[in-house]
Amino acid sequence: MSRPETSRTAGRVDVERVSIRLGEGAQAFDAVQALDFSIAPGEFVCILGPSGCGKSTLLGALAGHLRPSGGALRVDGQPVDGPSPARGMVFQHHTLLPWRSVLDNVAFGLKMQGVDKAERHRRAHEFLALVGLQEFAGRWPNQLSGGMQQRAEIARVLINRPRLLLMDEPFGALDAQTRARMQELLLDIWTRVRTTVVFVTHDIDEALFLADRILVMSPRPGRFIEDLRLDFPRPRRAGLLTSPGFTHLKRHCLDLLRHEEGRELPRLTPLGLPDDPPPLRIAL
Ligand SMILES: Nc1ncnc2c1ncn2[C@@H]1O[C@H](COP(=O)(O)OP(=O)(O)OP(=O)(O)O)[C@@H](O)[C@H]1O
Ligand SMILES: [Mg+2]
């Protein structure tokens, strides 16, 4: 397969002391606090953390949808000051337009840039081939399975040659088998396009399987509690999931998350039931 034209893609990310405040007035709170990290161009980073710890909030700020209340966010040295096709986002549910064919959905970003029809269709076919959907160019989105829709979504985002691919639990709605296939496919795609990936998940197996590096977050306010570098060889295949090194790191991540979640659990208050309930009285 030819390599799609993505040579200027990989981006460097610098996040300096970023805090993001959400809510209004007395309800306002720091969703994430004092986040500090950098990502090298072309790196595959997973953000792992429990529900509500601020993963989507952080990704929203990297996409430019949310403005941090403190600190600085830069991609390739440029401050992030709004959404841009150079920072493509894939969510759990696709955003394909139901009234456009799969091909036209993938080509849509180029249409917005004013690329002529023949050229945008040529490139859309190229990106559909990259995600294994070349046979489905003429279908409607609702004629695709969930996994295929997410593949079309990835092609739709990658055609803009983003420096940064932001993925928010993109396989969270898929069944286990499709999800495993999509993880392998995503790694194959990434080795071809080499864009920087920030992938949010709360699934430890998924993070360990995909990433060069896992940033583990604590519950509210989200802070980084570990920066874990993985050196499992690539290409990664299903056998990795049962290897001793994988199991060892999985246990480590589980312990980290359990410890943090334990800090968050509310103290259970007694229900106030008497030790011995009164005997039943039956009126005859
Ligand atoms: N617009 C908003 N206004 C107020 N609070 C919000 C808003 N969006 C999210 N929150 C709260 O901010 C916190 C972080 O939310 P966020 O969606 O980033 O978490 P998450 O780690 O992505 O969780 P999940 O794994 O469930 O997707 C949560 O407590 C959430 O309830
Ligand atoms: Mg989320």
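No experiment lies behind these values; they were computed from the predicted model shown.
- No side-chain donor-acceptor contact under 3.5 Å links Arg163 and Ser84.
- A salt bridge links Asp212 with Arg234: at least one charged nitrogen is closer than 4.0 Å to a carboxylate oxygen.
- Put simply, the side chain of Lys55 gets close to the backbone of Gly49: a donor and an acceptor are under 3.5 Å apart.
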query = Going through the checks in order, is the side-chain contact (heavy atoms from CB on, under 4.5 Å) test met by Val45 and Phe199?
reply = CA-CA 6 Å; Val45 172; Phe199 186 109; over 6 Å; no
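- Salt-bridge formation is detected for the pair Glu119/Arg122: a Lys NZ or Arg NE/NH1/NH2 atom is positioned less than 4.0 Å from an Asp or Glu carboxylate oxygen.
- We find that Glu43 and Arg229 are joined by a salt bridge, their nearest charged nitrogen and carboxylate oxygen being less than 4.0 Å apart.
- For Asn105 (side chain) and Leu97 (main-chain N/O), a donor-acceptor pair under 3.5 Å exists by modelled atom type.
- At least one donor-acceptor pair under 3.5 Å links the side chain of Gln143 to the backbone N or O of Trp140.
- When only modelled atom types and interatomic distance are considered, Ser19 and Gln33 share no side-chain donor-acceptor pair under 3.5 Å.
- By the side chain to side chain contact (heavy atoms under 4.5 Å, CB included) test, Arg12 is found to be paired with Asp14, Ser38, Pro41, Asp76, residues two or more places apart in sequence or in another chain being considered.
- Every side chain to side chain contact (heavy atoms under 4.5 Å, CB included) that Leu185 has, sequence neighbours left out, goes to Arg151, Met182, Ile189.
- Looking only at distances, a side-chain donor or acceptor of Ser69 sits under 3.5 Å from a matching main-chain atom of Arg21.
- Not counting sequence neighbours, the partners of Phe44 by the ring-ring contact (aromatic ring centres under 6.0 Å, His included) test are Trp190.
- Checked for salt-bridge contact, Asp188 and Arg237 meet the test: a charged N lies under 4.0 Å from a carboxylate O.
- A distance-only check finds a donor-acceptor pair linking the side chain of Thr196 to the backbone of Gly11 [under 3.5 Å].
- Using a 4.5 Å cut-off on side-chain heavy atoms (C-beta onward), Thr178 and Phe171 make no contact.
- Arg120 places a side-chain N or O within 3.5 Å of a backbone atom of Val115 that can act as its donor or acceptor partner.
- How far CG of Asp203 is from CG of Leu48: 8.5 Å, rounded to the nearest 0.5 Å.
- Under the side chain to side chain contact (heavy atoms under 4.5 Å, CB included) criterion, His94 pairs with Leu96, Gln149, Gln150, Glu153, not counting sequence neighbours.
- No donor-acceptor distance shorter than 3.5 angstrom exists from the side chain of Asp104 to the backbone of Arg100, with no hydrogens or angles considered.
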query = What do the steps show when you test Glu184 against Arg236 for salt bridge (charged side-chain N to carboxylate O under 4.0 Å, His left out), and what is the final call?
reply = CA-CA 7 Å; Glu184 288 193 16; Arg236 295 185 183 166; over 6 Å; no
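- Under a 3.5 Å cut-off, the side chain of Asn160 and the backbone N or O of Pro162 do not form any donor-acceptor pair.
- When the side chain to side chain contact (heavy atoms under 4.5 Å, CB included) test is applied to Glu226, the partners found at least two apart in sequence or on another chain are Val216, Leu228, His252, Leu256.
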Do any side-chain atoms of residues 85-92 form donor-acceptor pairs under 3.5 angstrom with protein atoms, and if so which ones, sequence neighbours left out?
| from | atom 1 | to | atom 2 | distance (Å) |
| --- | --- | --- | --- | --- |
| Arg87 | NH1 | Leu62 | O | 3.3 |
| Arg87 | NH1 | Ala63 | O | 2.8 |
| Arg87 | NH1 | Gly82 | O | 3.1 |
| Arg87 | NH2 | Gly82 | O | 3.0 |

